[in-house]
K.L.:
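I am attaching a structure below and will ask some questions about it afterwards.
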Amino acid sequence: MEVLNEILNLIKQSNKIIVTGHIMPDGDCISSVLSLSIALEKVGKDVLPVIDYDIPYQYQELVEVQKIKKANDVIREINECDLIIILDSSSVDRIGKLKDFLENKKKIVIDHHVTNEKFGDVNWVGDFFSSTAQMIYRLNQALGVEYDSRLSTINLMGIATDTGFFRYPNTTSEVFKDAYELSKRGGEIWPIAQMILENNRPERLKLFANTIEKMEFLLDGKFVHSIIRYEDFKRFNCKEEDSSGFVGELRAIKGVEVAVLVVEYPKGKVHVSMRSKNEFDVSTIASELGGGGHPRAAGCTFDDADPDEIRKIVVNKISEALSIRG
Ligand code: AMP
Ligand code: MN
Ligand code: MN
């Protein structure tokens, strides 16, 4: 594949490499950043993983996560690097302060979002892939990297989380093939599943109960939406990361086709998470509102906004689109 060769060439020509992913990092982002960083280290590169955001507490149980830095702590290294590899991020707005360092730098973008803006010198954007982690597995094989059990587990994590632990429609035979190979190399799914799915803080569950209480249903139960205001996070002693996964639970309700969760964190910053079950394309709506994502999982973010106003705008937009569709 030509683009893979271009990536290999750029990596070969570079020594100091920054590997980064998106803000509000998820399992795929963390897995991809770590798997590529470990691999590049194995082939003798000077690598620095950067994610310009707090890492959710569950993932901090991975010792390798300690190596990931925020942009402000490594300004000198960012200035001195020869190459920045940007993973799982559809636009420059998704990478935090690293955005300000992209000019005059060689950039590789590797991502599986349909909405990717291809802002790199080389862009490998494949919406055929379940996860960026799956693409990184392919890249690392092309780099000739040996997979030990630890790297296999870390790489498997991103494939697992972005397929909802092998449940979503993106769980293709290729996913099972890659997961099988990683498992053969010693990758373990259970410690990852336990770390992510069976690691709830009681405070988080109370916040979830409150989110459930505030649900509103429209269109005969086809559309559900709820809201978490900054005050709710404070009241239940929670942070933004504690709300991750809630919107998936809203979608999981019987009869629901589209679920929306409006989250304000911190005060005035509003993130909208959208999910759909079967046909409805939420990435189009998210893109129209300045965000992006996948057909069945997308989002958008607003600064200095009122969460209730945003909720009204999004609910109207989706209700209209859903009722036209019938
Ligand atoms: P979330 O609802 O935050 O879990 O995000 C769902 C999907 O939409 C993920 O694949 C994100 O990468 C993407 N996404 C979320 N927020 C944004 C945004 N502000 N801009 C672009 N893509 C986003
Ligand atoms: Mn992601
Ligand atoms: Mn992803």
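In each ligand, atom 1 is the first atom listed, and ligand 1 is the first ligand listed.
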K.L.:
Can you tell me how far OH of Y168 sits from CZ of R275, rounded to the nearest 0.5 angstrom?
P.N.:
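Rounded to the nearest 0.5 Å, the CZ-OH separation comes to 7.0 Å.
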K.L.:
Only counting residues at least two apart or in another chain, list the ones meeting salt bridge (charged side-chain N to carboxylate O under 4.0 Å, His left out) with E61.
P.N.:
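Here no residue qualifies.
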K.L.:
So, for V263 and S243, which heavy atoms are closest and what is the spacing to 0.1 Å?
P.N.:
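Where V263 meets S243 most closely, the heavy atoms are CG2-OG, 4.1 Å.
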K.L.:
I'd like the atom name of the N/O/S atom in D28 lying closest to the Mn ion (ligand 3).
P.N.:
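Restricting D28 to its N, O and S atoms, the minimum distance to the Mn ion (ligand 3) goes to OD2.
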K.L.:
Sort out the contact shell of ligand 1: every protein residue with a heavy-atom distance below 4.0 Å, listed by chain and number.
P.N.:
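Within 4.0 Å of ligand 1, the protein residues are S90, R94, H113, H271, S273, R275, G291, G292, G293, H294, A297, A298, G299, C300, T301.
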K.L.:
So what does the D88 OD1 - the Mn ion (ligand 3) - H112 NE2 angle come to, to 10°?
P.N.:
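OD1 of D88, the Mn ion (ligand 3) and NE2 of H112 span an angle of about 90°.
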K.L.:
Give the atom name of whichever N/O/S atom in D26 sits closest to the Mn ion (ligand 2).
P.N.:
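The atom in question is OD2.
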K.L.:
Among R201, K206, K234, find the one that has a salt bridge (Lys or Arg N to Asp or Glu O under 4.0 Å) with D242.
P.N.:
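For D242, the salt bridge (Lys or Arg N to Asp or Glu O under 4.0 Å) check succeeds only for R201.
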K.L.:
What are the two closest non-hydrogen atoms of K277 and V256, and how far apart are they?
P.N.:
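Of all heavy-atom pairs spanning K277 and V256, the closest is NZ-O, 3.1 Å.
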K.L.:
If you count the non-hydrogen atoms of other residues, nucleotides and ligands that lie under 6.0 Å from CG in D220, is the total more than 12?
P.N.:
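At most 12 heavy atoms, drawn from other residues, nucleotides or ligands, come within 6.0 Å of this atom.
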K.L.:
Considering only heavy atoms from C-beta outward, does the side chain of R185 approach that of D148 to under 4.5 Å?
P.N.:
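A side-chain contact under 4.5 Å is absent here.
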K.L.:
Tell me, please, if H22 has any N/O/S atom, main chain or side chain, under 2.8 Å from the Mn ion (ligand 2)?
P.N.:
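Of the N, O and S atoms in H22, at least one lies under 2.8 Å from the Mn ion (ligand 2), which means yes.
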K.L.:
Name of the D162 N, O or S atom nearest the Mn ion (ligand 3)?
P.N.:
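So the atom name we want here is OD2.
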